[in-house]
Amino acid sequence: MQTGLQLLNTVFGYPAFRGAQTEIIAHVAAGGDALVLMPTGGGKSLCYQIPALLREGCAVVISPLIALMQDQVAALTEAGVNAAVLNSSLDAQAAYQTERDFADAKLDLLYVAPERLMTPRFLALLGRAKLALFAIDEAHCVSQWGHDFRPEYIQLSVLHEQFPGVPRIALTATADELTRAEIIARLQLEDARVFISSFDRPNIHYAIAGKHNARDQLLEFIRTNHAGEAGIVYCLSRKKVEETAGWLSAAGIPALPYHAGLDAQTRARHQQRFVNEDGVVIVATIAFGMGIDKPDVRFVAHLDLPKSIEAYYQETGRAGRDGLPADAWMAYGLGDVVQQRRMIDESEANETFKRVSYGKLDALVGLAEAAGCRRVRLLAYFGEASTPCGNCDNCLKPPRVWNGTETAQKALSCVYRTGQRFGAGHLIDILRGNFTERVRRFHHDELTTFSVGADLTDRQWRAVFRQLIALGFLEADAEAYGAFKLTDAARDVLKGEITVSFRAEAERPRKRERSRKAAFVSGLHSPVAGPLLDALRAWRHATAREHGVPAYVVFHDSTLEAIAATRPRTLDDLRGMSGIGAKKLERYGEALLTIAREN
Ligand code: ADP
Ligand code: ZN
């Protein structure tokens, strides 16, 4: 009999387990129950796929996401594993055939939607089969307070009652304590061993830039770091999604919009292209992402501020599931804070909810304004202690912090003297001494603050106002659009009782520099662009199309890059390369060698 490690090598083509996989697999393979908390891309699937192959009988995997189940089954089938799926997308004939295969013990893994599982017919079928284990994916869907609640998940406790001898493994990437407790209670996992992995995503480089000209900044970011690569750009509104996709396309970057206002067919088509083709950028509202398993998303960009650190972590987490370097990049400006606060102000929610929302927003703004390591702050928010990462913008290029007490006083005093009725644009004109029509009309050139701030540029002043809001000295007026008011805390600044520090704006966005650590993390990922890689990509595209599966199901980027870098000549050279298992070697080995010879 093969060991877990042997299966990892021969079936999946990977040299070694990652993190807690070894322990989890041993525990479940021996018949234990487990609750697994691992971040996106951590490698949860293998935690039940390998025990499924080690144990006798068929593993039943419960997943709420149809697209995801299909991709997983496609990938397993490519690797030579007997896997199938039962969900509403199948016609009656195909569903019947799958049930027959299951009953005849021809399957190692069967993926089912929870509503199908709960039918008396299917439960009866389960009763007659030999079961290896139950895997409950996206287990946080059982949480009534979570954002992904699925009522059918509640009934999954039936599994334990009806099949007490079959081990269960529940998996999720949702971190918080409350959800964890709820999963344990509702799924009766009191005796399960809990495996909590670090939520760090070391291959993700975090960067948050001051927003000046979002278009140019995003274009520059994509062109210098991610030309020809897949990415997601998040915007707040449908309109902005459409516009952004439009100008990205006009600039020669293949970009597609995705939001709830598009019809289902268009959405499905755009998602398909993003998943199946190389180098497509999707521009989306937060409606996009859940259930998309694409491993080679190289960047996630935010043109608008999310609502909370949880949302930011979840959205940026869609980058780099394959463990190769990826970017989480956000442009953040004065308008963002004002807008998000307004949205909370104007929402119908009760006071408690608003207070919680403000708190969450403040934590995110704190992250955006932080001068220290982004990752340390991010992980601390989830209760994890860490040391500076060396792979975020602030670690790589520590921002200058300056004593801005006097500058803050000028700005706040300007707000006060103009009657707390104006927004940043006009205030900055006064501070910088610009004789605009508006300045003349209100005689604001006669104020003592007129022209006292000519030493700072417009951009620097905007950053100052943004930070004054983030620090809680100014607030957006709920009645007068765009106007700032002083808060109580502003008085202490004006009286000189507290010192204010500002983070200096980088004057010019620059190509991101990778640290040694990042280069180390990237390992193989030295770009090996050239005709061979292009030819391998083209072959992968054609093969994926022929098999009706996404390109990454055939091979990951990292595998193609390794082939391009090492130019294998024999099947033995290919054997043991990461991502090439026995089945794929047999099926594709000769084709790969021919391409390597000819290009
Ligand atoms: P999750 O479900 O936790 O988000 P997946 O199970 O989809 O993550 O795994 C993420 C990626 O990492 C997949 O492409 C998978 O093939 C790869 N992977 C998982 N475990 C390993 C390993 N031990 N070695 C190499 N690659 C791995
Ligand atoms: Zn850092």
Side-chain angles (χ1 to χ4, degrees), residues 210-212 305 332-346 351 354-355 357-359 361-362 364-366 368-371 400-505:
K211 195 192 280 183
H212 310 299
L305 195 66
Y332 148 83
L334 179 58
D336 283 302
V337 198
V338 175
Q339 186 186 23
Q340 284 285 10
R341 280 183 197 254
R342 277 191 88 77
M343 279 167 59
I344 299 173
D345 271 338
E346 288 170 1
E351 284 311 311
K354 284 188 182 179
R355 213 171 36 248
S357 304
Y358 280 129
L361 179 60
D362 283 344
L364 181 62
V365 170
E369 297 292 358
R400 196 166 56 79
V401 175
W402 55 288
N403 182 336
T405 310
E406 208 179 305
T407 306
Q409 286 168 342
K410 289 178 187 169
L412 297 175
S413 143
C414 190
V415 171
Y416 181 71
R417 284 170 203 284
T418 50
Q420 314 192 57
R421 289 185 295 131
F422 296 92
H426 183 61
L427 294 166
I428 293 172
D429 280 335
I430 299 170
L431 288 160
R432 300 201 61 230
N434 297 337
F435 277 105
T436 63
E437 145 60 28
R438 216 162 182 211
V439 166
R440 262 190 287 268
R441 179 152 36 105
F442 289 102
H443 300 288
H444 283 162
D445 52 330
E446 292 161 19
L447 295 176
T448 50
T449 46
F450 184 74
S451 184
V452 293
D455 54 327
L456 296 189
T457 63
D458 196 77
R459 180 186 281 192
Q460 286 167 329
W461 271 116
R462 292 196 80 83
V464 164
F465 276 99
R466 194 186 74 215
Q467 295 182 67
L468 286 173
I469 290 196
L471 293 167
F473 299 128
L474 279 182
E475 62 187 9
D477 190 331
E479 265 93 60
Y481 191 81
F484 295 143
K485 288 194 311 190
L486 301 183
T487 63
D488 289 342
R491 212 167 301 144
D492 302 337
V493 180
L494 286 168
K495 283 194 287 189
E497 282 169 7
I498 32 178
T499 7
V500 182
S501 301
F502 290 125
R503 179 196 147 101
E505 283 294 279

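One is the number of the first residue; the rest follow in order along the sequence.
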Please name all residues satisfying ring pair (Phe, Tyr, Trp, His ring centres under 6.0 Å) with Y416, sequence neighbours left out, ordered by chain then number. none
Partner set under salt bridge (charged side-chain N to carboxylate O under 4.0 Å, His left out) for D488, not counting sequence neighbours: R491
R440: partners by side chain to side chain contact (heavy atoms under 4.5 Å, CB included), with sequence neighbours left out: F435
N/O donor-acceptor pair under 3.5 Å between E475 side chain and F484 backbone: no
Reported CG-to-CG distance for the pair L447 and D445, which is rounded to 0.5 angstrom: 8.0 Å
Give, for atom CD of E346 and atom NZ of K354, the distance between the pair rounded to the nearest 0.5 Å. 9.0 Å
Give a yes or no on whether the backbone of G453 and the side-chain of K410 come within a donor-acceptor separation of less than 3.5 Å. no
Side chain to side chain donor-acceptor pair (under 3.5 Å) with K211: which residues, sequence neighbours excluded? D336
Applying side chain to side chain contact (heavy atoms under 4.5 Å, CB included), name anything that partners E497, two or more places apart in sequence or on another chain. D492, K495
Of all residues at least two apart in sequence or in a different chain, which pass the side chain to side chain contact (heavy atoms under 4.5 Å, CB included) check with N434? D429, R432, T436
From CD1 (I344) to CG (L361), nearest 0.5 Å: 5.0 Å
Could you tabulate the donor-acceptor pairs under 3.5 Å formed by side-chain atoms of residues 462-471, not counting sequence neighbours?
{"unit_1": "R466", "atom_1": "NE", "unit_2": "E369", "atom_2": "OE2", "d": "2.9"}
{"unit_1": "R466", "atom_1": "NH2", "unit_2": "E369", "atom_2": "OE1", "d": "3.3"}
{"unit_1": "R466", "atom_1": "NH2", "unit_2": "E505", "atom_2": "OE2", "d": "3.2"}
{"unit_1": "Q467", "atom_1": "OE1", "unit_2": "R503", "atom_2": "N", "d": "3.0"}
{"unit_1": "Q467", "atom_1": "NE2", "unit_2": "A463", "atom_2": "O", "d": "3.4"}
{"unit_1": "Q467", "atom_1": "NE2", "unit_2": "R503", "atom_2": "O", "d": "3.1"}

Separation between CD of Q339 and CG of L334, rounded to the nearest 0.5 Å: 11.5 Å
Residue set satisfying ring pair (Phe, Tyr, Trp, His ring centres under 6.0 Å) with F502, at least two apart, ordered chain then number -> W402
Side chain to side chain donor-acceptor pair (under 3.5 Å) against T487, all qualifying residues, sequence neighbours excluded: none
How far does CE of M343 sit from CD of Q340, to the nearest 0.5 angstrom? 5.0 Å
Using salt bridge (charged side-chain N to carboxylate O under 4.0 Å, His left out) as the criterion, list what pairs up with E437, not counting sequence neighbours. R441
Any side-chain hydrogen bond (donor to acceptor under 3.5 Å, both in side chains) pairs touching residues 418-428, not counting sequence neighbours? H426-H444
Under the side chain to side chain donor-acceptor pair (under 3.5 Å) rule, collect the residues that match up with N403, sequence neighbours excluded. T405
